[in-house]
Amino acid sequence: MEYNFRAVEQKWQKYWEENNTYKVDIDTEKPKYYVLDMFPYPSGAGLHVGHPLGYIASDIYSRYKTLEGYNVLHPMGFDAFGLPAEQYAIQFGKHPKVTTEQNINRYKEQLKNIGLSYDWSREVKTSDPQYYKWTQWTFLRMFNHWFNNNTQKAEPIDTLIAEFNKNGNMLVNASCSPTPKFYAEVWRGMEEKERMNILLNYRLAYRAKTLVNWCPNLGTVLANDEVKEGLSVRGGHPVIQKPMLQWLIRVTAYAERLVNSLDNLQWTDALKEMQRNWIGRSQGAEVLFPVKDSNLKIKVFTTRPDTIYGATFMVIAPENPLLLKITTEQYASEIKEYIENTKKKTERERQADVKTITGQFSGDYAINPFTNSEIPIWTSDYVLAGYGTGAIMAVPAHDSRDFAFAKYFNIPIIQVVSGAEITENSYDAKEGTMINSGIIDGLEVKDAMTKIIDEIEKRQIGKRQINYRIRDAIFSRQRYWGEPFPFYYKDDIAYPIDENNLPLQLPNLDVILPTEKGEPPLARLDNWKTSEGYQYETSTMPGFAGSSAYFIRFMDPNNDQQLVSTEANNYWQDVDLYIGGTEHAVGHLIYSRFWNKFLYDLGYVCKDEPFKKLINQGMIQGRSNFVYRIKNTNTFVSYNLKDNYEVTELYADVNIVNNDVLDIEKFKMWNPEYQKAEFILEDDKYICGWAVEKMSKSMYNVVNPDNIIEQYGADTLRLYEMFLGPLEQSKPWNTNSIEGVYKFINKFWRLFFDKDGKFIVTAETPSREEFKILHKTIKKTKEDIEKLSLNTSVSAFMICVNELTSLKCNKKEILEPLTIILSAFAPHITEEIWQLLGHTTSIRFATFPKVEEQYLLETQITYPIALNGKTKFTLDIPIDFDKNAIEKEILNNDKVKQLIDNKTVIKFVIVPNRMINIVVK
RNA sequence: GCGGAUAUGGCGUAAUUGGUAGCCGCGCUAGACUUAGGAUCUAGUGCCGAGAGGCGUGGGGGUUCGAGUCCCUUUAUCCGCACCA
């Protein structure tokens, strides 16, 4: 009897749903384990075969952990708000609410078809008011907190106000926007508006006018991680820099903690490195350079204060307001022109021609505080306004960009570190002895660094300083489909709405385009106001808002009193295993760590870091198929004959190709153009060409899991996705070898049935050999699952079933444990067998079998016998033989004698349990 | 330019972590059963060679009794970052 996967899989999926088989609750009797997938944004295209790779791996792991006795939290939800959802809706002229719901339903159906063990009662959708209530709630909390650098913690804004009343901001060491110093009397004398504006400089969620990435085509501002090479990640539209009043979150406050706690996470080095690069911690000094004949001072940040004697000019970023102040009348028009030209350039253009050197002299000079020489002040767009202080001391001898600039504009170059010639290139390495360097002359770079900073601090012209590349995250989007900000405006000042009135619901809007004046869509509403008539914020939160704490909400998703109850949080704590794609390496994974640390500081969550272990699954690429049409004809020629003709390569849908053999009938039906096509075959087949490319509709290489499941079943799909190769490796999808896994499922089934479909499992006692096969498999698969080496466990299952088949083993004592371990991978067929074996509850509640080492003991070892390291043959030797006994044994062996012949034996290398090597001359 | 990863049969991959290279699967070859086969089963399948045997883990060099694995060097591909002072 053939295994009817369609009936069996449907039967159990229905059973699981009806019996809430995968529902979990707090159970203090059991240890917890939290396995999380990065929840998807439900796109209109549905899932392709690449998406479930991580979901299947995490599902196998969850099921395994459950069998091992853990109480496993394994939830799923949808990242439903955001730009792409809105763009998709606009494209199809529908409301995002409608399309999002449709897409979610489609996703859920597809996920359920795969037999994933999610506890759907915990599903969250970021666009659900009951969910985003807590996103808004957290944002309000950020608004009401500041970051105390002394304690390295977020603290309530009231403590800061109290301090302002007492001492002004004179003693405050906060992570804040630049704020002038003031005394308590000054603070007390301020109007409310002024106070509110000052507090904004300290709040962890704040509003400020900053230079933003403005994307005209999308009509919104984007965060740094949403922009790549000056183009928007979504859609690839140009992005320009523009000052705008925006909501931001002060991620920079946590930069130090975000870098430091990376060390203890079980993430890949590659991922940690990406985060470190993104945070971009660099250590150096801030130094003041006085401007000649003026009270003005230019503050620079440098990581190379040791080279200060070689600073022969200064460069100020064109956007830096200081530039116009120091520019002399004579150069005013040139400088203005340079600033204008810079403004006109998009970020992309600015990055594109890095090699073109441009700049303009300001006419003014600064005094190098160590050489006391006058050095010219220039402006150039290679200095960025947003990093450091927006001004640099240029040391051409030891910085390649400064070097190129100095060469181009003929500015003197003074070498201050010995170690290399600097005629052609600068010498950037932090190694060598200081020369031409006054008080630090003769010191090594490292020592020079310490001494010069000490001196700078002593002279009070600067200080040690750590700078971060990471910027505060711009949090406003001038779009509709996102969480509304829980704020209203009175006299242009933002006031939070009462927490009891959360959620502030996203109002319905028929036309979700910007207004004629370019305001966000919500500005179309006349009644987007408080009951007192104050205007609500019209922009909405970005996509990463909703994904920053969903892993916390999953612990207690239906709680309408709290984000998460203390009880639930103390039990589930943190994510033990997080699986998702690398594309979130710096976006989501930075923001959610920040978000979590903030909630941790406030005591709402018990763990400082949310994701203990993180795995990036590899990308599944597409494998496209091609057909070859002879030019100007409707005749297609098979792959190996195509070189005899002049042909055009055309895509053929991979779904009508099997093992690179084209299904000609389906091909004719696929496109009306090909209906009358003719074919030149080889061996009566049409062979297609192929290439590995991105999985995409336009390349006709998208494989839908639904089709695979329809043809082979969900268990086969699950096993096959794992069988493809290591989880973390990127690989092309190729349906070709799925047959092998499908055969395996059927072969497993046949262990339980005879030819007539009679269930033939017996209670007979298994042989030692059968036990050995079983326990070998238990051991191997257990180790492999723990390492997430799931491809090799599939192959271990195949070996096991092959061996049991050849032994014609149908003994319950062997097959039942095997069924349990396989159930993590193939839950449907094993659930059916489990029932046939007489069980009345789901196999999910079974226990993972223990390895019994006694069955794995050998009596003999098969030793490879090598001559000079080359294996010649193998020899069975009893396991309890020691080195001497082995040597005696092999010396008496005829084959060994023959091998040695009349050569001189130099030595025997005998590694017990491993191998024997005879070294001869 | 900087950083990271990878490289093994016709293809996807495996290798007890320095000890028999190629497990498992696809594909291919031959055969059995069969009305039929895109079912199932059996045997074979790294390359060269009739064979003995030789060669073989991107290339070159090294350490070692022994290297896919360690070290040096080099090449190719992929990914990330990139005027960050």
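The sequence lines fix the lettering, A, B, ..., with proteins before strands; numbering per chain opens at 1. No hydrogens, no waters, no symmetry mates; every other heavy atom, side chains included, goes into these values.
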**Request:** Check every strand shown and say whether A:Glu728 touches a base, only sugar-phosphate, or nothing at a heavy-atom separation below 4.0 Å.
**Result:** nothing
**Nucleotide B:G25, atom C1' - distance to CH2 of A:Trp733 in whole Å** = 14 Å
**Item:** Syn or anti for B:G68 (syn when the glycosidic angle lies within 90° of 0)
**Value:** anti
**Prompt:** With sequence neighbours left out, what residues match A:Phe409 under side chain to side chain contact (heavy atoms under 4.5 Å, CB included)?
**Reply:** A:Ile357, A:Trp378, A:Phe405, A:Ile411
**Asked** So what does A:Asp269 touch, heavy atoms closer than 4.0 Å: a base, only the sugar-phosphate, or nothing?
**Response** nothing
**Request:** Look through every strand shown and name the nucleotide pairing with B:C55 as Watson-Crick or G-U wobble, where both distances are under 3.5 Å.
**Result:** B:G46
**Partners passing side chain to side chain donor-acceptor pair (under 3.5 Å) against A:Arg623 (at least two apart in sequence or in another chain)** = A:Asp660
**Request:** Rounded to whole angstrom, note down the P distance from B:C11 over to B:C47.
**Result:** 11 Å
**Fill in**
With syn defined as a glycosidic angle within 90 degrees of 0 and anti as anything else, the base of B:U29 is anti
**Fill in**
As its Watson-Crick or G-U partner within any shown strand, both distances under 3.5 Å, B:G12 has B:C24
**Value in whole Å for how far the C1' atom of B:A14 lies from CZ of A:Phe723** = 10 Å
**Message:** Taking pairing as Watson-Crick or G-U wobble with both contacts under 3.5 Å, can you name the mate of B:G80, or confirm there isn't one?
**Reply:** B:C2
**Asked** Counting only side-chain N and O atoms of A:Asn736, is one of them less than 4.0 Å from OP1 or OP2 of B:G27?
**Response** no
**Request:** Give the rounded distance in Å between these two atoms: CE of A:Met798 and P of B:G25.
**Result:** 6 Å
**Asked** Rounding to the closest angstrom, what is the interatomic distance between B:A21 and B:U57 at atom P?
**Response** 12 Å
Check nucleotides 15-19 of chain B for protein N or O atoms closer than 3.5 Å to its own N or O atoms and list the pairs.
residue : atom : partner  : partner atom : Å
B:U17   : OP1  : A:Arg914 : NH2          : 3.4

**Request:** Can you tell me, in whole Å, how much space there is between the P of B:C28 and that of B:G10?
**Result:** 16 Å
**Request:** Over all heavy atoms of both residues, which pair between A:Ala585 and A:Gln275 is shortest? Give the atoms and the distance, please.
**Result:** O-NE2, 2.7 Å
**Request:** With C1' as the reference atom in both, quote the distance from B:A52 to B:G59 in angstrom, rounded to an integer.
**Result:** 31 Å
**Prompt:** A:Asn425 CG to B:G1 P: how many Å, rounded?
**Reply:** 12 Å
**Nearest-Å distance once atom P is located in both B:G44 and B:C24** = 12 Å
**Most 5' of A:Val919 and A:Pro732 on RNA chain B, judged by nearest nucleotide** = A:Pro732
**Item:** By side chain to side chain donor-acceptor pair (under 3.5 Å) - contacts of A:Tyr427 (at least two apart)
**Value:** none
**Request:** Apply side chain to side chain donor-acceptor pair (under 3.5 Å) to A:Asp263 and list each qualifying residue two or more places apart in sequence or on a separate chain.
**Result:** A:Arg276
**Fill in**
B:G31 -> Watson-Crick or G-U wobble partner, both distances under 3.5 Å, gives B:C41
**Prompt:** Distance between the C1' atoms of B:U69 and B:A14, in whole angstroms?
**Reply:** 14 Å
**Message:** Taking salt bridge (charged side-chain N to carboxylate O under 4.0 Å, His left out) as the definition, give me every residue that meets it alongside A:Glu256, ordered by chain and number, with sequence neighbours left out.
**Reply:** A:Arg281
**Prompt:** Which salt bridge (Lys or Arg N to Asp or Glu O under 4.0 Å) pairs, counting each pair once, include a residue from residues 722-746 of chain A, with sequence neighbours left out?
**Reply:** none
List, with names and distances, any nitrogen or oxygen atoms from the protein found under 3.5 Å away from nitrogen or oxygen atoms belonging to nucleotides 38-41 of chain B.
residue : atom : partner  : partner atom : Å
B:U40   : O3'  : A:Arg750 : NH2          : 3.4
B:C41   : OP1  : A:Arg750 : NH2          : 3.3

**Prompt:** Considering every strand shown, what is the Watson-Crick or G-U wobble mate of B:U17 when both distances are under 3.5 Å?
**Reply:** none
**Message:** Please enumerate all residues that pass side chain to side chain contact (heavy atoms under 4.5 Å, CB included) together with A:Glu783, with sequence neighbours excluded.
**Reply:** A:Lys779
**Message:** Would you say A:Ser282 places a side-chain N or O within less than 4.0 Å of OP1 or OP2 belonging to B:A85?
**Reply:** yes
**Request:** Say whether, by atom type as modelled, one donor and one acceptor occur between the side chain of A:Asp876 and the main chain of A:Gln860 under 3.5 angstrom.
**Result:** no
**Item:** Donor on one side chain, acceptor on other, A:Asp402 and A:Tyr382, under 3.5 Å
**Value:** yes
**Message:** Here's a test of your reading of the structure: between A:Glu273 and A:Thr871, which maps to the more 5' nucleotide of RNA chain B?
**Reply:** A:Glu273
**Request:** Report the relative orientation of the aromatic rings in A:Phe723 and A:Tyr720; use parallel for angles under 30°, tilted for 30 to 60°, perpendicular for over 60°.
**Result:** tilted
**Asked** Can you tell me if NZ on A:Lys297 sees more than 12 non-hydrogen neighbours from other groups inside 6.0 Å?
**Response** no
**Prompt:** For A:Lys907 and B:C65, what is the distance between atoms NZ and P respectively, to the nearest whole Å?
**Reply:** 5 Å
**Message:** Mind checking if A:Pro726 touches a base, just sugar-phosphate, or nothing, with heavy atoms under 4.0 Å?
**Reply:** sugar-phosphate
For nucleotides 78-81 of chain B, give me every protein contact, N/O to N/O, under 3.5 Å, one pair per line with atom names.
none

**Distance in angstrom units between A:Asp428 CG and B:C83 P, rounded** = 16 Å
**Asked** For B:U63, which nucleotide is its Watson-Crick or G-U wobble mate, given both distances must be under 3.5 Å?
**Response** none
**Item:** Contacts of type side chain to side chain donor-acceptor pair (under 3.5 Å), residue A:Trp733, not counting sequence neighbours
**Value:** A:Thr735
**Asked** Do we see a donor-acceptor contact under 3.5 Å between the side chains of A:Ser282 and A:Tyr387?
**Response** yes
**Complete:** In whole angstroms, the gap separating C1' of B:G4 from CH2 of A:Trp267 amounts to 16 Å
**Asked** With sequence neighbours excluded, what pairs up with A:Met619 under the side chain to side chain contact (heavy atoms under 4.5 Å, CB included) test?
**Response** A:Ser730
**Item:** Nearest listed nucleotide, side chain of A:Ser737, among B:U20, B:A85, B:C26
**Value:** B:C26
**Message:** In whole Å, measure the gap between the C1' atoms of B:G49 and B:G4 for me.
**Reply:** 44 Å
**Item:** Inter-nucleotide P distance (B:U6, B:A15), Å rounded
**Value:** 14 Å
**Request:** May I have the distance from A:Trp378 (atom CH2) to B:A85 (atom C1'), rounded to whole angstrom?
**Result:** 18 Å
